[in-house]
Amino acid sequence: MARTGRDGAVTPRSGARRRRAARGVPLPLLVPALAGLAFLLLPLLALLIRAPWRTLPDQLTSTEVWQALQLSLVSATAATAVSLVLGVPLAWLLARTDFPGRGFVRALVTLPLVLPPVVGGVALLLALGRNGVVGQWLDSWFGITLPFTTAGVVVAEAFVAMPFLVISVEGTLRAADPRYEEAATTLGASRFTAFRRVTLPLIAPGIAAGAVLAWARALGEFGATITFAGNFPGRTQTMPLAVYLALQDDPAAAIALSLVLLAVSIAVLAGLRDRWMTASS
């Protein structure tokens, strides 16, 4: 089918254009592209092929697996809530204000994205451990100990997940027209009221997308969690840690937990599908 353009000319639909473009892919590009696709999909297909489908319900309902699953869901949700409370204002600060060293601050915010998770766990121990820079005062003044506790799991996951939310929200804020906020302030609203009544509704899709990405990243966190919170069943053992432990003694349970994480990842991709397709159209 065809459609009429603004100038009255008949133009083919985008799907037809894409099909013609696909037929014109040169062989030197098509072969490595297909090899790259196979490289990415083959491990996932192997996971599905070797999955113990008959015993999968029993594996997922065992006490150890259920404890890890429950703790992972709770801690990832709590880490996402922390990321929302702290990350949305931080994203607004980076997108809407101009201060010396803003680029350097943005680089520091995104540093956990490229920092090895184990290094992040060591840094958390040095900062929030019992003898840490801040942790020693938390312990002596308030009796709060974060390492090797469930709260420590939340802290570790929020540390690695928050940058995903900040980047997503900052990009949405930069794309949003600031004149709406300026109009609200000229009508007598304070900057915080303009942010709450005008900006938040505008950037709600970006916040939702960032929250989903942060939640998925927190759910799959391993290195910082095992370094800062340890691997204690029922208290700090999340699903990635349970996969690592089960792989040594019970490979079937490790595959079952891996399938759960795979299903969550697919659900995240499905939830963000409309946003990506809108951005790429």
Going hydrophobic residue to hydrophobic residue with side-chain gaps under 4.5 angstrom, can you get from [X] over to [Y]?
X	Y	result
F159	L90	no
L73	L71	no
L84	W92	yes
V160	V118	no
V264	I266	yes

**Prompt:** Are L259 and W53 close enough, and set up right, to give a side chain to side chain contact (heavy atoms under 4.5 Å, CB included), and what steps lead you there?
**Reply:** CA-CA 10 Å; L259 286 175; W53 295 107; 4.2 Å; yes
Starting at [atom1] of [X], measure out to [atom2] of [Y] and round the result to the nearest 0.5 Å.
X	Y	atom1	atom2	result
M162	L86	CE	CG	4.5 Å
S258	R50	OG	CZ	14.0 Å
T145	D139	OG1	CG	4.0 Å
R106	L93	CZ	CG	10.0 Å

**Steps toward side chain to side chain contact (heavy atoms under 4.5 Å, CB included) verdict (V212, F164)** = CA-CA 9 Å; V212 171; F164 288 88; over 6 Å; no
Do [X] and [Y] have side-chain heavy atoms sitting under 4.5 Å apart?
X	Y	result
L219	L261	yes
T225	T236	no
L124	V155	yes
L126	V133	no
F228	V122	no
T238	F222	no
L262	L48	yes
R235	Q67	no

**Message:** Strictly below 4.0 Å, N to O, side chains only: are R217 and E157 in salt-bridge contact?
**Reply:** no
Taking atom [atom1] as the centre, does [X] end up with more than 12 heavy-atom neighbours from other residues, nucleotides or ligands that are less than 6.0 angstrom away?
X	atom1	result
Y244	OH	no
R196	CZ	yes
F99	CZ	yes

Would you name the heavy atoms of [X] and [Y] that are closest together and state the gap between them?
X	Y	answer
A95	R102	O-NH1, 4.5 Å
L128	P147	O-CD, 3.7 Å
A256	L56	CB-CD1, 3.5 Å
S83	A161	OG-C, 4.4 Å
I255	P52	CG2-CD, 3.6 Å
P112	L108	CD-O, 3.6 Å

Side chain of [X], backbone of [Y]: donor and acceptor closer than 3.5 Å?
X	Y	result
R96	L173	yes
S168	L165	no
R130	G135	no
E221	A224	yes

**Distance-only donor-acceptor check, side chains N131 and Q136, under 3.5 Å** = no
**Message:** For a quick check under 3.5 Å, do W215 and T77 share a side-chain donor-acceptor pair by atom type?
**Reply:** yes
**Item:** Pair V166-V88, side chain to side chain contact (heavy atoms under 4.5 Å, CB included): steps then yes or no
**Value:** CA-CA 6 Å; V166 173; V88 173; over 6 Å; no
